[in-house]
Protein chains: 2
Amino acid sequence: MDEETDGIRPSRLPTRELDAADRRLLGVLVDDATVSYAELGERAGLSAPAAHERVKRLRRSGAIRQTSAIIDPKAVRKPLLAFVHVDTRGWGKTPELMAISKYPEVEEIHSVAGDTCMLLKVRTEDTRALEGLLARIYEVPGVVTTRSYVALSTYLERPVQPGATKEWPAPRHMAQPIY
Amino acid sequence: MDEETDGIRPSRLPTRELDAADRRLLGVLVDDATVSYAELGERAGLSAPAAHERVKRLRRSGAIRQTSAIIDPKAVRKPLLAFVHVDTRGWGKTPELMAISKYPEVEEIHSVAGDTCMLLKVRTEDTRALEGLLARIYEVPGVVTTRSYVALSTYLERPVQPGATKEWPAPRHMAQPIY
DNA sequence: GCTGAAAGCAAAGAATA
DNA sequence: TATTCTTTGCTTTCAGC
């Protein structure tokens, strides 16, 4: 069903700007990617073939990275969510640290600006498993400290939204930046 | 294509434990939810109808929350990712704070344990838009401080993985917990 | 849970505006 | 460029085992 025929393309084409119809298509597909192209076109104000053609283009251009089933973490026994700040000696992004990507508990790895070097999002079965994961992280050369923020409740968690807030009326008390 | 016929069920059934075949199905669908049931069954070692039946069950039970298109943030002009720690006076989870859910820039809202109350994951077009969002957050009654961690690079970002690390061989220097 | 048949939908093309 | 129509092929779906 997918066109994974060529492994040649560098997977990111000269990304043209998305128009309003593309945004509407993305909005529907982010919400529910199981709709038929007929319904997709209907919801986005396009014919089925037009919708299909545009979605293929969105996939080829990389605007749609993938279509994925979103799993309930509790169903796969990972009820514990934590954000781990990792402080390192020297530059944080080492191959050794990246090796933790292989653990399915690790969902995100970012380097960040602020009072820490790296930021991880991890999901584990319980505090014991989190402790084990932290132990592994501490074994990585260069890792100095970690600070973990364990999620007590999650009130919102959703994929990247295509919509953008149109205008931010700057608070009146805020000075105007020159850039 | 979807069975959203009844709005009666509380959307979380007595979740039975997933077996190995369910895990395999989830593994395939997290990676690519566009596969046909024929191919899905093949990859998971099941016939197409069996795969279909199990996937329907996984959807009904809530183990599969939704099927979603994963969008490239850059394609929708949100290249700037930030994690915002919000400190509040009193209890953080107020309806006023939750109101920021309506901004598509806000992807996650968690209450956390640690030296902050709430943790947000937000994506904006640029630093100016982030500033505007922070200004909105500061306008929420009870918000005292925010600390933002702007992502410099993202090295890993993926959906909830069905797999679990089997055994964590506890480092030898670590004392055994009684629980 | 597997097999095999019927209905439905998707993918590709041609003609048109 | 988007639409409609058509056709081919595949997928889903439901029967029975």
Side-chain angles (χ1 to χ4, degrees), chain A residues 1-9 11 13-71 75 162, chain B residues 1-6 9 13-71 75-76 162:
Chain A
M1 199 186 221
D2 231 358
E3 53 277 350
E4 306 293 322
T5 45
D6 54 353
I8 298 123
R9 225 186 350 254
S11 83
L13 294 181
T15 243
R16 273 196 308 288
E17 202 65 20
L18 305 182
D19 64 10
D22 290 325
R23 299 281 178 119
R24 288 196 300 270
L25 290 170
L26 290 177
V28 174
L29 291 177
V30 165
D31 199 55
D32 182 6
T34 68
V35 294
S36 68
Y37 286 106
E39 186 175 351
L40 176 61
E42 192 175 3
R43 289 203 211 175
L46 268 64
S47 74
H52 186 209
E53 202 55 44
R54 290 178 91 115
V55 169
K56 271 197 300 186
R57 197 161 50 76
L58 289 168
R59 284 190 207 278
R60 266 184 287 123
S61 73
I64 297 178
R65 280 228 175 101
Q66 63 170 337
T67 298
S68 177
I70 308 298
I71 298 180
Chain B
M1 201 185 221
D2 231 355
E3 53 278 350
E4 305 291 324
T5 46
D6 55 354
R9 222 182 357 250
L13 295 180
T15 246
R16 275 194 307 288
E17 203 64 20
L18 306 182
D19 64 8
D22 289 326
R23 299 281 179 124
R24 290 196 298 271
L25 290 171
L26 289 177
V28 175
L29 290 178
V30 165
D31 198 55
D32 182 6
T34 68
V35 293
S36 68
Y37 285 107
E39 186 175 350
L40 175 61
E42 192 176 3
R43 289 202 210 175
L46 268 63
S47 74
H52 187 207
E53 201 55 44
R54 291 178 93 115
V55 169
K56 273 197 297 187
R57 198 159 51 73
L58 290 169
R59 285 190 206 278
R60 267 184 288 123
S61 73
I64 297 178
R65 281 230 174 100
Q66 63 170 339
T67 298
S68 178
I70 308 298
I71 298 180
V76 292

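Heavy atoms only: backbone and side chains are in, while hydrogens, waters and symmetry mates are out. By convention in this document, chain letters (A, B, ...) are assigned in the order of the sequence lines, proteins followed by strands, and residues within each chain are numbered from 1. Every value quoted in this text rests on a predicted model; they were computed, and no experiment measured them.
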Could you tell me the separation between the [atom1] atom of [X] and the [atom2] atom of [N], rounded to a whole number of Å?
X       : N     : atom1 : atom2 : result
A/Arg57 : D/dT1 : CZ    : C1'   : 10 Å
A/Glu53 : D/dT1 : CD    : C1'   : 11 Å
A/Glu42 : D/dA2 : CD    : P     : 18 Å
A/Arg24 : D/dA2 : CZ    : C1'   : 13 Å
A/Leu25 : D/dA2 : CG    : C1'   : 13 Å
A/Leu40 : D/dA2 : CG    : C1'   : 15 Å

Quick one: which of [options] gets closest to the side chain of [X]?
X       : options                : value
A/His52 : D/dA2, D/dT3, C/dA11   : C/dA11
A/Pro49 : C/dA10, C/dC2, D/dC5   : D/dC5
B/Ser36 : D/dT11, D/dC14, C/dA11 : D/dT11
A/Tyr37 : D/dT12, C/dA11, D/dT3  : C/dA11

Check your understanding: What is the minimum heavy-atom distance between B/Ser68 and A/Val30, and which atoms define it?
Key ->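 Scanning both residues completely, I find the closest heavy atoms to be OG-O, 2.8 Å.
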
**Study point:** Heavy-atom pair of closest approach, residues A/Arg59 and A/Thr67
**Key:**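 Heavy atoms of A/Arg59 and A/Thr67 come nearest at NH1-OG1, 2.9 Å.
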
Review point. According to a strict under-4.0 Å criterion, is A/Lys56 in side-chain N/O contact with OP1 or OP2 of C/dA10?
Key: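 It does not, given that no N or O in the side chain of A/Lys56 lies less than 4.0 Å from OP1 or OP2 of C/dA10.
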
Exercise for review: Check whether any side-chain nitrogen or oxygen of A/Arg54 sits under 4.0 Å from OP1 or OP2 of D/dT1, and answer yes or no.
Suggested key: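 For A/Arg54, the contact criterion (side-chain N or O under 4.0 Å from OP1 or OP2 of D/dT1) is not met.
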
Exercise for review: Could you tell me whether B/Glu53 and B/Arg57 make a salt bridge, using a distance below 4.0 angstrom between a side-chain N and a carboxylate O?
Suggested key: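 Between B/Arg57 and B/Glu53 there is no salt bridge, as every charged N stays at least 4.0 Å from the carboxylate O atoms.
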
Check your understanding: Do B/Arg23 side-chain atoms and B/Pro162 backbone N/O form a donor-acceptor pair below 3.5 Å?
Key ->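 Checked: pair present.
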
